Amino acid sequence: MRAGLEPAVTGATVSSVTVFDERSLRRHDGPSEDFVDRLAGRGIVSAERRGKFLWLPLGSSPVPEPLEGAREALVVHLGMSGQVLLRDRATDDRLTRIRLDIEHPDHGALRLNFVDQRIFGSMAIDRLVQTPDAPTDSVPTQVAHIARDPLDPLFDDRLFLARLARRNSGVKRALLDQTLLSGVGNIYADEALWAARVHYDQPTNTLSRPRAKLLLAEVRLVLAKALGEGGTSFDAQYVNVNGASGYFSHSLNAYGQQGKPCARCGRPIVRESFMNRGSHFCAFCQRVR
DNA sequence: CCCCTCACCTGATCGC
DNA sequence: TGCGATCAGGTGAGGG
């Protein structure tokens, strides 16, 4: 999404903003009028991401005197069912909760439709702040507690492994903890655990260092492959900014594969409920040890 | 401080 | 065709 938006929004100006459902502003501190006022007329500087958060740093404001050095950004989180669709000005999408019409110097009049069925996602205007692990760049305040993702050149392997070893919980719970590492959700957690042959409920403090390192390496491989294939699309809901599906669902070895033979040993993949969600794994290859 | 449960929501789909 | 049950890829507040 970030890569798809970047060329279309960088250098563009927000012409108008329409909020169709205020619940999609759950992360915005203020009413929808405030959101609209602070966004309309602003320039978009770039498209940034950390973990599952995307934000578009905003340029000069038409609204009364922007505070000295207090830069802001439009923050986007897709939640479980969000989409950002890049359209022309004539195109509407069903379930659009927020609409941004923008003007780009090269690409002309464009439209960003924020579509979200379950409304777990949201948009917000947030202040950009420096954080300890972002010495040079800044992040929105609501992203400050989110760790870097393992593909980030500044991801700290040693810190991650140390924190993992200190934890007292199941390893999948740790993988899903965005303050430990970001970007891993239910699908990629199951895939990385399968690849590393680790059971989802293996206590983190019993993972040997080599296995922890192997798991981190597998997380990286899964994320890199999924990114390369445009993400994981099971249906029309999971699409990029142009409405196209990703292909990683064809590469899944565990997630959603219950009943099918394990690609390694041929025994059936099973599904168990864990943390109010499905965990998919090979009961033979992935045992608590 | 760490860990865990639960609330937050809608719409698509499936079985009857 | 209609209806109810079920399911879904995340996050963070708050209790223990």
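Side chains included, hydrogens not; waters and symmetry mates left out as well; all remaining heavy atoms used. Small disclaimer: the values here were computed from a predicted structure and weren't measured. Naming convention: chains lettered A, B, ... in sequence-line order (proteins, then strands); numbering from 1 in each chain.
- Dashed line: the shortest gap from a side-chain N or O of Gln178(A) to OP1 or OP2 of dT11(C) is under 4.0 Å.
- One atom, CE of Met1(A), and another, P of dG10(C), lie 14 Å apart when rounded to the nearest Å.
- Considering only heavy atoms from C-beta on, Phe281(A) stays 4.5 Å or farther from Ile269(A) through its side chain.
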Practice task
Take Asp116(A) and Ser81(A) through the side chain to side chain donor-acceptor pair (under 3.5 Å) test and state the conclusion after the steps.
Solution key: CA-CA 5 Å; Asp116(A) 190 8; Ser81(A) 56; 2.7 Å; yes

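- Test Asp88(A), Asp92(A), Asp93(A) against Arg111(A) for salt bridge (Lys or Arg N to Asp or Glu O under 4.0 Å) and you get one pass: Asp92(A).
- Stacking between Phe120(A) and the base of dC9(B) is absent under the criterion of ring centres within 5.5 Å and planes under 30 degrees.
- When each of dG11(B), dA8(C), dG12(C) is scored by its nearest atom to the side-chain atoms of Ile146(A), the top-ranked nucleotide is dG12(C).
- Gln83(A) places its CD atom 13 Å from the C1' atom of dG11(B), with the value rounded to the nearest Å.
- For the salt bridge (Lys or Arg N to Asp or Glu O under 4.0 Å) with Asp190(A), the lone residue among Arg277(A), Lys172(A), Arg271(A) that qualifies is Lys172(A).
- One interatomic measurement links the two molecules: CG of Leu176(A) to P of dC2(B), which rounds to 18 Å at whole-angstrom precision.
- Nucleotide dA8(C) forms a pair with dT10(B), judged by Watson-Crick or G-U wobble geometry with both contacts under 3.5 Å.
- Nearest-nucleotide mapping onto DNA chain C: of Met275(A) and Arg118(A), the residue sitting toward the 5' end is Arg118(A).
- Comparing dA8(C), dT11(C), dT10(B) by their closest approach to the side chain of Phe53(A) singles out dT11(C).
- At a threshold of 4.0 angstrom between heavy atoms, the contacts of Gln237(A) with the nucleic acid are absent.
- Here the P atom of nucleotide dC4(B) and the CG atom of Asn168(A) are 7 Å apart, to the nearest Å.
- Put simply, CZ on Arg27(A) is 9 Å from P on dA13(C), counting in whole angstrom units.
- The CZ atom of Arg173(A) sits 16 Å away from the P atom of dG12(C) (whole-angstrom rounding).
- Residue Tyr188(A) is classed as having no contact, given no heavy-atom separation below 4.0 Å to the nucleic acid.
- Between Arg23(A) atom CZ and dA7(B) atom P the separation is 18 Å, expressed in whole Å.
- The 5' end of DNA chain B is approached more closely, in terms of each residue's nearest nucleotide, by Arg166(A) than by the other of Asn276(A) and Arg166(A).
- Taking atom CG of Asp21(A) as the reference point, atom C1' of dG11(B) lies 14 Å away to the nearest angstrom.
- Side-chain atoms of Glu272(A) and Ser279(A) form no donor-acceptor pair, as typed in the model, at a separation below 3.5 Å.
- Distances shown here put every side-chain N or O of Arg277(A) at or beyond 4.0 Å from the OP1 or OP2 atom of dT5(B).
- Checking the phosphate oxygens (OP1, OP2) of dG10(C), no side-chain nitrogen or oxygen of His77(A) falls inside 4.0 Å.
- Nucleotides dG11(B) and dG12(C) have their P atoms positioned 24 Å apart, rounded to a whole Å.
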